[in-house]
Amino acid sequence: MTIQWFPGHMAKARREVTEQLKLVDIVFELIDARLPLSSRNPMIDEVIQQKPRLLILNKMDLADEKETDRWIKHFEAEGIRAVAINSFEGKGLQTVTKAAKEILAPKIERMKKRGIRPGAIRAMIVGIPNVGKSTLINRLAKKNIAKTGNKPGVTKAQQWIKFEKELELLDTPGILWPKFEDQAVGYKLALTGAIKDTVVNMENLAVYGLRFLETHYPDRLEKRYGIKTVGEDIQAVFNTIGESRKAYIQGGEIDYDKVAELIVLDIRSELLGKLTFDFTDENKEEMVDNVTE
Ligand SMILES: Nc1nc2c(ncn2[C@@H]2O[C@H](COP(=O)(O)OP(=O)(O)OP(=O)(O)O)[C@@H](O)[C@H]2O)c(=O)[nH]1
């Protein structure tokens, strides 16, 4: 990642978000629909505290729809309202505004009863790098106010964006750090492009990806690579893929670096279909965590 999350930076990020939170009525916690666990900040509940929250699963166009539905039900069973959107194409934005109004309806009612005329509902977006915060702000603003880019940490300066009648959004998102303690989480973040390739070993990442597919999406693995199981002989699998993709170094040997890269890029570019990497069922979750080094 280009942002290095040292303890000092984490403390600063947390302080900034805590300050911004004072300005808003509701928090939009933005996560990646492919990673409903791994793309959440580990301290998010502590940071947000009692502030009303809407969990937004972004990039739903890239995630396994069945699993996204499961996750929404799972979060709602935990008392967290959740919606899925594709902010890149502006799909599902009306569910965001509708849910925000519903979440805050009791508060607005209370204000009205006390004779206070409620002002606009103020919201802010919080999330780890690259989940699509700027893209969502731009979509809601309907014009290019916030800068976007496939690089962490590109947004600066602060103003309110009126994104619907009675709703305003802080144009600066709160950026918090991802989870790193768990190696599988790191691989999942890397497979979805949330962290830079330079910080991970591509071969290990590709092997993790293959094992993940073997466990959770074996039909896709077979369809794309003609492989039924990955098994113990990883080199044989790389050979098969390398030969079919003509990934050779001089002398006709398989270029394993190239094969690893091809696998990772296949996964990222949807050539293996829409994938979700975190599951609501924790037993399922543990199945791929026997990461091979
Ligand atoms: N397919 C898809 N891509 C998306 C979606 N939303 C955002 N993206 C892409 O994800 C990448 C990151 O989006 P940004 O909006 O820059 O993310 P951010 O959270 O503001 O990133 P930081 O500034 O690093 O905190 C960009 O390449 C976007 O085009 C979505 O719903 N679907």
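All ligand and atom numbering here is 1-based and tracks the order in the structure.
By heavy-atom distance, the residue among D61, N130, N86 lying nearest atom 21 (O) of ligand 1 is N130. Nearest to atom 14 (P) of ligand 1 by heavy-atom distance, out of V126, T135, L30, is T135. The residue from S87, A63, S134 that puts a heavy atom closest to atom 31 (O) of ligand 1 is S87.
Remark: K73 does not engage E76 in a salt bridge, criterion side-chain N to carboxylate O under 4.0 Å.
M60 and L136 are not part of a single hydrophobic cluster, where members link through side-chain heavy atoms under 4.5 Å apart. In terms of hydrophobic clustering, with Ile, Leu, Val, Met, Phe, Trp and Tyr side chains grouped at heavy-atom distances under 4.5 Å, I254 and I249 are assigned to different clusters. L62 and L93 are members of different hydrophobic clusters when ILVMFWY side chains are connected at heavy-atom separations under 4.5 Å.
The ligand atoms of ligand 1 that sit less than 4.0 angstrom from a heavy atom of F88 are 2 (C), 3 (N), 4 (C), 5 (C), 6 (N), 29 (O), 30 (C), 31 (O), 32 (N). Against a heavy-atom cut-off of under 4.0 Å, P129 is close to the following atoms of ligand 1: 24 (O), 25 (O). Contact atoms of ligand 1 toward L62: 1 (N) (distance under 4.0 Å to a heavy atom of the residue).
We find the OH-OH distance between Y187 and Y208 to be 9.5 Å, quoted to the nearest 0.5 Å.
Checking only distances, G132 does come within under 3.5 Å of ligand 1, N or O to N or O. Polar contact with ligand 1: absent for I175 (N/O pair, distance under 3.5 Å). Considering backbone and side-chain atoms together, V131 places an N or O closer than 3.5 Å to an N or O of ligand 1.
Residue-level proximity to ligand 1 for L136 is absent, since no heavy atom of it falls below 4.0 angstrom.
A search for side-chain hydrogen bond (donor to acceptor under 3.5 Å, both in side chains) contacts involving K112 returns nothing, not counting sequence neighbours.
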Kindly list each side-chain donor-acceptor pair under 3.5 angstrom involving residues 262-276, sequence neighbours excluded, with atom names and distances?
| from | atom 1 | to | atom 2 | distance (Å) |
| --- | --- | --- | --- | --- |
| D266 | OD1 | R245 | NH2 | 3.1 |
| D266 | OD2 | R224 | NE | 3.1 |
| D266 | OD2 | Y225 | OH | 2.7 |
| D266 | OD2 | R245 | NH1 | 2.8 |
| R268 | NE | A190 | O | 3.1 |
| R268 | NE | L191 | O | 3.4 |
| R268 | NH1 | D197 | OD1 | 3.3 |
| R268 | NH1 | D197 | OD2 | 3.4 |
| R268 | NH2 | A190 | O | 2.6 |
| R268 | NH2 | D197 | OD1 | 2.6 |
| S269 | OG | L265 | O | 2.6 |
| E270 | OE2 | K274 | NZ | 3.3 |
| K274 | NZ | D61 | O | 2.6 |
| T276 | OG1 | D64 | N | 2.9 |

